[in-house]
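In listed order, ligands and their atoms are each counted from 1. Position 1 is the first residue of the sequence; numbering continues from there. Excluded from the calculations below are hydrogen atoms, water molecules and symmetry mates; all remaining heavy atoms, backbone and side chain alike, are included.
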Amino acid sequence: MAISKAIIVFPLLCFLSSTISILCYPYPLVCNETEKHALLSFKHALFDPAHNISSWSAQENCCGWNGVHCHNITGRVVYLNFFNFGLVGKLSASLLKLEFLNYLNLGWNDFGGTPIPSFIGFIQSLTYLDLSFASFGGLIPPQLGNLSNLLHLRLGGADSSYEPRLYVENLRWISHLSSLKLLFMSEVDLHQEGQWIESTSILSSLSMLLLEDCELDNMSPSLEYVNFTSLTVLSLYGNHFSHEIPNWLSNLTTSLLKLDLRDNSLKGHIPITILELRYLNILYLSRNQLTGQIPEYLGQLKHLEALSLRYNSFDGPIPSSLGNLSSLRSLYLYGNRLNGTLPSSLWLLSNLEDLEIGNNSLVDTISEVHFNELSKLKYLDMSSTSFTFKVNSNWVPSFELEELLMSSCQMGPKFPTWLQTQTSLRNLDISKSGIVDIAPTWFWKWASHIEWIYLSDNQISGDLSGVWLNNTIIYLNSNCFTGLLPAVSPNVTVLNMANNSFSGPISHFLCQKLKGRSKLEALDLSNNDLSGELPLCWKSWQSLTHVNLGNNNFSGKIPDSISSLFSLKALHLQNNGLSGSIPSSLRGCTSLGLLDLSGNKLLGNVPNWIGELSALKVLCLRSNKFIAEIPSQICQLSSLIVLDVSDNELSGIIPRCLNNFSLMAAIETPDDLFTDLDHSNYELEGLVLTTVGRELEYKGILKYVRMVDLSSNNFSGSIPTELSQLFGLRFLNVSKNHLMGRIPKKIGRMTSLLSLDLSTNHLSGEIPQSLADLTFLNRLNLSCNQFWGRIPLSTQLQSFDAFSYIGNAQLCGVPLTKNCTEDDESQGMDTIDENEEGSEMRWFYISMGLGFIVGFWGVCGALLFKKSWRHAYFQFLYDIRDWVYVAVAIRLNWFRDNLRRLLVSETYH
Ligand SMILES: *[C@@H]1O[C@H](CO)[C@@H](O)[C@H](O)[C@H]1NC(C)=O
Ligand SMILES: *[C@@H]1O[C@H](CO)[C@@H](O)[C@H](O)[C@H]1NC(C)=O
Ligand SMILES: *[C@@H]1O[C@H](CO)[C@@H](O)[C@H](O)[C@H]1NC(C)=O
Ligand SMILES: *[C@@H]1O[C@H](CO)[C@@H](O)[C@H](O)[C@H]1NC(C)=O
Ligand SMILES: *[C@@H]1O[C@H](CO)[C@@H](O)[C@H](O)[C@H]1NC(C)=O
Ligand SMILES: *[C@@H]1O[C@H](CO)[C@@H](O)[C@H](O)[C@H]1NC(C)=O
Ligand SMILES: *[C@@H]1O[C@H](CO)[C@@H](O)[C@H](O)[C@H]1NC(C)=O
Ligand SMILES: *[C@@H]1O[C@H](CO)[C@@H](O)[C@H](O)[C@H]1NC(C)=O
């Protein structure tokens, strides 16, 4: 340490007294040639994109090179600091020639995932070694244990792009570093080392031990005694400890100042032995599974300045003893189950800067007197509690807040005028706070310096026609704002004004003169009374990725110029009066992941080019006037999870290729499914869908929806068997079309189905037994078709009520009131049908078909005797009708050879 300090001070001295050069260089400091060449070799093995060492030249004295310092008397290289030089490549072993090197810092460079070279363990003069955040990977060489002079060792640091990450087999070599004061190995995989405490606690000088995110799973809670005699900082956050807080921590009695155990899975209570840590300044236990009450005795840790217990399961009241912690600056209790009222002593913590007690079951009425002592408060979070905040309208608080989070905390009904006194505020969240009032005239000007502002879900009113908004993130949604849309600064990135009563044209907003290039990414104006045509001024808003103009009264065409939004990911224009066709320019929006055009008057074809929007996950064209066939190019949308074209005038057959929707074919939902679709600071993408017979809003959970809705169109032909390969599909609705044929027998493999609606078609045949395999099905509608026979017996299919089956005159059995007669029984047929293509029954069909053509009467005799054959035959007649006509028209031989293939590919399986 002393040496490195001197080395920092030394050049400073030189700088100050540069005129008296003799002071700095009493002896000419000429670097040793051997060392110069060693450094040049080191340089040659590296790529230096930032030109930090490119000026090193053989002609110059290496003691003056960037990053190099020599000893002031011997002229030997003692100090190499390449911290954050952006060097890329490989470490040269020439460093070994630097016999007197004691400081080596290679942190924040990029060694491309290569292992730490073991020769570093032989630079025995080193006292300081920093190889952290330098993209080393693989096994840490145990030779580092030879560096017996080392005081300071830093390895690891996140660099997720390289595999394998750094790891150790054991840490026994550490115990040789007997002078070590600081050990940083965060992000190194230590899970193979069960004895890490034994190996490190031997180091009697160790003062800082930082093993964060190291995959450690055990703090040996049963150890009686641990010999960390000098430890001041112990940071073990982000490991996997799932036991109680170990008692041995109390052996660090007088030394420990900072204990950080965040982000583990620690259980149990805070033990009373923690009181032994009597000089503790900082105690971080957040994000564990600690339970019980916050103990009164914590109030005895008089030196505490920061206490974080957020995101645990503490219950009971906040202990009044916390009021004794007079040095406390930060108190974080967010996200527990604390209840009761706040202890009055809390309001005496005059050093408090951060007070975070939100998301608990606390109840209290808080008035201005409470804050009298808290003049240093900067951050106040009381959100999601049952506090009532009652202060005078002329209150001038003693504090100057930077962040105020009061969401779901009763502040209203009057608008909090005291906010006007807070001129340093960066973030303001007073959403859902019961304000029923007009936003005062000073408010918008005052708010123009705030970065994030959330006023959502109140009943704040006011005409924003002349207002200029200058915040990065603005949520005014679900209030009572009126007037024309406000103007915005180019710095706004998220603007949510949904669910208000804004009126007038949007051109007023979109064609406003901006003082610079707009950064707006998310614009939500849905559920207002905006009207008029969509203007052409999209060019100024090219950073937009999320646009929601739904549920307004817009009319006219969707302008071609909307394609200026080439980064668009989600476009909602639903429930307006838009007409015309889908503009072909939209094919340029190749990032589009969600397109909702439902509830307009759009007409024309569903364009072929829709298949080019390869990022499309959600396509909703419901309730328009689209005609003709769905282009088969739609099947190129392999990421599609929602296809809703219901309530249009589409016709033709259902494309056979829907099984190309590979995300619908998969059972699992990839975790990152919506990461490119959702905006990090805007609400999660969602939309309204009719999945189970009524409209539901899917927000946040949209990525779990898998839906195909083709209902209320004029589709004909059969249900493609390929559809039954969409094993992940949850909602399938093809009702109200002209579909014929049978239910695909393999429908039972669509085991994710929650809702199946085939009603009001001309579907026929028996209900396949496999339908009973759909164990998650909770809505089934087969009504108004021509199904016949017995409803298969299963716990599943009988649990639906009769409405699921009515309107099929020949269907019988529970839950219908019609009892099955002998004639309806046809078990035999169904079991044979379950077989694959080569089943007897199908050959029967085919021979029957031929029979029909060759000589109808020839087979009728047989039919009179065999009941199941009769059923099969009539069903066959129904299915085969079209084919018969075709077949008669063309050559009979062709028919004989191909009928089976056609039946198989077109009607079944
Ligand atoms: C320079 O360094 C080399 C290798 O460390 C050493 O053998 C040599 O004596 C040194 N030369 C001088 C002039 O100190
Ligand atoms: C040389 O550096 C040492 C520390 O490394 C310092 O104690 C000493 O005073 C310095 N000598 C001169 C002449 O600057
Ligand atoms: C703890 O460390 C001290 C100082 O290094 C040593 O004297 C003592 O024996 C150690 N005790 C145990 C139990 O390891
Ligand atoms: C170490 O901690 C344990 C558990 O709290 C305690 O029983 C033991 O007396 C302590 N030993 C010393 C030397 O502090
Ligand atoms: C707080 O919660 C505990 C247990 O959850 C309960 O026993 C106690 O009555 C609650 N106290 C108050 C004031 O609601
Ligand atoms: C708008 O906000 C920025 C910070 O986001 C600030 O620097 C600027 O002064 C503000 N402009 C006005 C007129 O308030
Ligand atoms: C946008 O923000 C920058 C920096 O935050 C600020 O300097 C600038 O004045 C802001 N622009 C406007 C129009 O307020
Ligand atoms: C149907 O059968 C049940 C018992 O098998 C009988 O109680 C019921 O009356 C029958 N219903 C009709 C409409 O025949």
Nearest protein heavy atom with distance in Å, relative to atom 13 (C) of ligand 7:
P490 CD, 4.0 Å

Backbone of L342 reached by a side-chain donor or acceptor of D364 within 3.5 Å
yes

Taking both backbone and side-chain atoms of N339, is any N or O found less than 3.5 Å from an N or O belonging to ligand 5?
yes

Does any N or O of ligand 6 fall below 3.5 Å from an N or O anywhere on T472, backbone included?
no

Do you see a protein non-hydrogen atom under 4.0 Å from atom 4 (C) of ligand 5?
no

Is atom 7 (O) of ligand 5 near the protein, in the sense that some protein heavy atom lies at less than 4.0 Å from it?
no

Hey, can you tell me if W395 and F371 have their rings parallel, tilted or perpendicular (30° and 60° cut-offs)?
tilted

Heavy-atom nearest neighbour in the protein, as seen from atom 14 (O) of ligand 7, with distance rounded to 0.1 Å
N470 OD1, 3.4 Å

Pick one of side chain, backbone, both or neither for how H449 approaches ligand 6, counting any non-hydrogen atom pair under 4.0 Å.
side chain

Kindly say whether the aromatic ring centers of W444 and F481 come within a distance under 6.0 Å.
yes

Within the side chain of Q422, is there an N or O that forms a donor-acceptor pair under 3.5 Å with the backbone of L419?
no

Checking contacts now, so for atom 1 (C) of ligand 6, which I'm interested in, is there any protein heavy atom under 4.0 Å?
yes

Identify the protein heavy atom lying closest to atom 11 (N) of ligand 7, giving its residue, its atom name and the separation to 0.1 Å.
N491 ND2, 3.0 Å

Over 60° means perpendicular and under 30° means parallel, so tell me whether F443 and F415 are parallel, tilted or perpendicular.
perpendicular

Side chain, backbone, both or neither: which part of W468 comes within less than 4.0 Å of ligand 6 when only heavy atoms are counted?
side chain

Dump the intermediate steps for salt bridge (charged side-chain N to carboxylate O under 4.0 Å, His left out) on R426 and E402, then the final yes or no.
CA-CA 5 Å; R426 281 186 286 108; E402 288 171 8; 3.3 Å; yes

Do the charged groups of E353 and K378 touch, with an N to O distance under 4.0 Å?
no

